[in-house]
Amino acid sequence: MRKLLVLFSLLAFASATHAAEYHLGADVLSGHVFRGQEIGSAGTIGVQPHVGLVSGGFSVGVRAHGFIQDRDSLDVFDQASVTVAHAFSTDQAMFSVGVHQDFYADDNGEDTATEVFSSLRFPAPLSPKITVGYNFSNRPAWDYDWYISLSGSTRIRCIDVSASVGLSDADGSLDFHDANITASQKIDLPHFSLSPHVRLAYSGRDAYYWIFGLSVSR
């Protein structure tokens, strides 16, 4: 939490000296799968409102998740996330470091989880990106410390396609954790944009999940 307060202070200073950009939006999803793990019961519809601010290389984002249907596996599993990061750009790559903090409303272990991360993106075809994160959570569901994501994206005609592969040390050594592929199409309207999307998630536990959603942003 102390790290977040420091980064928020830096962000506030950057906002005072640089023009800030704000982003508002919400996602409606047919399910919630995080790094190959399904949160809640299958077929439960969830809503994820989110807000973001970017200023002077600093960024902060807040995202919440809530189910709008009853689910059987968990009585309460509402979640909020805060991500604070700073990006450095050169002609060859963009490097960023940050802190990701989760807050949970249930009693399944600790009610917070903290992850520090760094990422490197290259301005090349498929926009390759590698992200390395270290997880400080003792929640039973998150059985790993290190998580590495290899991702990329491209545009095929009018469809945006992205894919990622995750590695973790859940079994004591770095190994496959999960994989995702997402297809979406952005539709610009006068005051906001809509993005219908579909995602196929695969976990290292040999489980597949289809997630359908609609994003609204401005």
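Residue numbers count from 1 along this sequence.
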Would you list the atom pairs, donor with acceptor, under 3.5 Å between side chains in residues 207-218 and any protein atom, with sequence neighbours excluded?
{"unit_1": "Ser215", "atom_1": "OG", "unit_2": "Asp27", "atom_2": "OD1", "d": "2.8"}
{"unit_1": "Ser215", "atom_1": "OG", "unit_2": "His197", "atom_2": "NE2", "d": "3.2"}
{"unit_1": "Ser217", "atom_1": "OG", "unit_2": "Ser193", "atom_2": "OG", "d": "2.9"}

If you measure only the distance, is there a donor-acceptor pair under 3.5 Å linking the side chains of Asp178 and Ser203?
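No - no donor-acceptor pair under 3.5 Å links their side chains.
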To the nearest 0.5 Å, what is the distance between [atom1] ([X]) and [atom2] ([Y])?
X	Y	atom1	atom2	value
Tyr144	Asn135	OH	CG	5.5 Å
Arg121	Ser153	CZ	OG	6.0 Å
Thr131	Ile148	OG1	CD1	10.0 Å
Gln185	Arg157	CD	CZ	12.5 Å
Ser96	Lys129	OG	NZ	6.0 Å

With sequence neighbours excluded, tell me which residues meet ring-ring contact (aromatic ring centres under 6.0 Å, His included) with His86.
Phe58, Phe88
Identify whether [X] and [Y] are in the same connected component of the hydrophobic contact network (ILVMFWY, side-chain heavy atoms under 4.5 Å).
X	Y	result
Leu29	Leu194	no
Val84	Phe103	yes
Leu53	Phe192	no

Here's a test for you: under side-chain hydrogen bond (donor to acceptor under 3.5 Å, both in side chains), which of His100, Arg63, His50, Gln101 qualifies with Thr83?
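With Thr83 as partner, side-chain hydrogen bond (donor to acceptor under 3.5 Å, both in side chains) holds for just one option, His100.
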I need the full list of ring-ring contact (aromatic ring centres under 6.0 Å, His included) pairs touching residues 149-168, with sequence neighbours left out, sorted by first then second residue.
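As it turns out, there is no ring-ring contact (aromatic ring centres under 6.0 Å, His included) pair with a partner in residues 149-168 once direct neighbours are skipped.
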By side-chain contact (heavy atoms from CB on, under 4.5 Å) - contacts of Phe176 (at least two apart)
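With neighbours one apart ignored, the set is Val165, Ala179, Tyr202.
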Taking side-chain contact (heavy atoms from CB on, under 4.5 Å) as the definition, give me every residue that meets it alongside Leu120, ordered by chain and number, with sequence neighbours left out.
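Here the qualifying residues are Ala93, Phe95, Phe122, Ile130.
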Keeping Arg199 on the side-chain end and Val33 on the backbone end, is there a donor-acceptor pair under 3.5 Å?
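At least one qualifying donor-acceptor pair exists.
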Not counting sequence neighbours, which residues clear side-chain hydrogen bond (donor to acceptor under 3.5 Å, both in side chains) with Ser127? List them please.
none
Asp169 and Asp145 have their tightest heavy-atom pair at OD1-N, 2.9 Å
